Amino acid sequence: MLTIWGRLNSHNVKKVAWFADEIGVPYVRHDVGGAFGMDAAYLAKNPNALIPTIEDGDVIMWESNAILRYLAARYAPAEMWPADPVARALGDRWMDWQFGFANAQLDAFVQLVRRQAGQRNGQLIAKSAEAAGAAMQILDRTLAAQPWLSGVRFGVADVPMGVYAHSFFTLDMERPDVPHVRAWYDRLRERPAYARSVMIPLT
Ligand SMILES: N[C@@H](CCC(=O)N[C@@H](CS)C(=O)NCC(=O)O)C(=O)O
């Protein structure tokens, strides 16, 4: 049985929990990180003191997108992680691109979700919302030409930005009009596994 270590209000943990569920890999998840802390046994598995970490038999893995690629290669249907190097790479780049998006949106997320109403820095929120919106306009141009970041069908490359689409459209901040990203997000919201692990209140 796959074990996932990490609190589910983390974007990076959501990716792994959603994708494992999506491809039908049963798992148990233990809350670690944030208010739950990390004990010595956890730090022995992940010396970075970050979440998520997985344990799959003898395999201990960290780095959420590396975990996704591992799960995809080992357990997912072939179309979710194409063998063709070009098709694979064209989707895969959006998995790395997601970390830049996460940096852009980080201040807005922290201010709006993790600070009390009277303690928020409006300038930080506006600057971060603008950077996140500009990045989403790049994604929008891609999703105008293809239905999924993975290409013609849903795949693992949709997962990292799919998780961030939920916070982007849920945070109470200014957003540019990105109709193709919105339509993709609406398609993701129809997926039961996405609803279970990603569409939860932001905390
Ligand atoms: N690049 C790492 C980043 C992991 C990361 O930054 N995780 C955050 C939560 S999203 C974390 O562990 N924060 C400390 C904590 O939760 O205690 C990955 O993708 O797994």
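Just so you know, ligand 1 is whichever comes first in the structure, and atom 1 is the first atom listed for that ligand. Treat the numbers as computed from the prediction; the structure is a model and nothing was measured.
With hydrogens and angles disregarded, no donor-acceptor distance shorter than 3.5 Å links the side chain of Asn46 to the backbone of Trp62.
A 6.0 Å sphere centred on CD of Glu130 holds no more than 12 heavy atoms belonging to other residues, nucleotides or ligands.
The 4.0 Å heavy-atom shell around ligand 1 contains residues Arg7, Ser10, Asn12, Gly33, Gly34, Met38, Leu50, Ile51, Pro52, Glu63, Ser64, Phe99, ordered by chain and number.
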Review item, side-chain donor-acceptor pairs of residues 104-113, under 3.5 Å, at least two apart:
residue, atom, partner, partner atom, Å
Gln105, NE2, Ser167, OG, 3.0
Gln111, OE1, Asn121, N, 2.8

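Judged as a side chain to side chain donor-acceptor pair (under 3.5 Å), and not counting sequence neighbours, the contacts of Tyr70 are Asp56, Arg74.
Under the ring pair (Phe, Tyr, Trp, His ring centres under 6.0 Å) rule, His11 has a single partner from Tyr164, Phe99, Trp18, which is Tyr164.
Residue Val28 is found in a hydrophobic cluster whose other members, listed by chain and number, are Met1; membership requires side-chain heavy atoms under 4.5 Å apart, directly or through intermediates.
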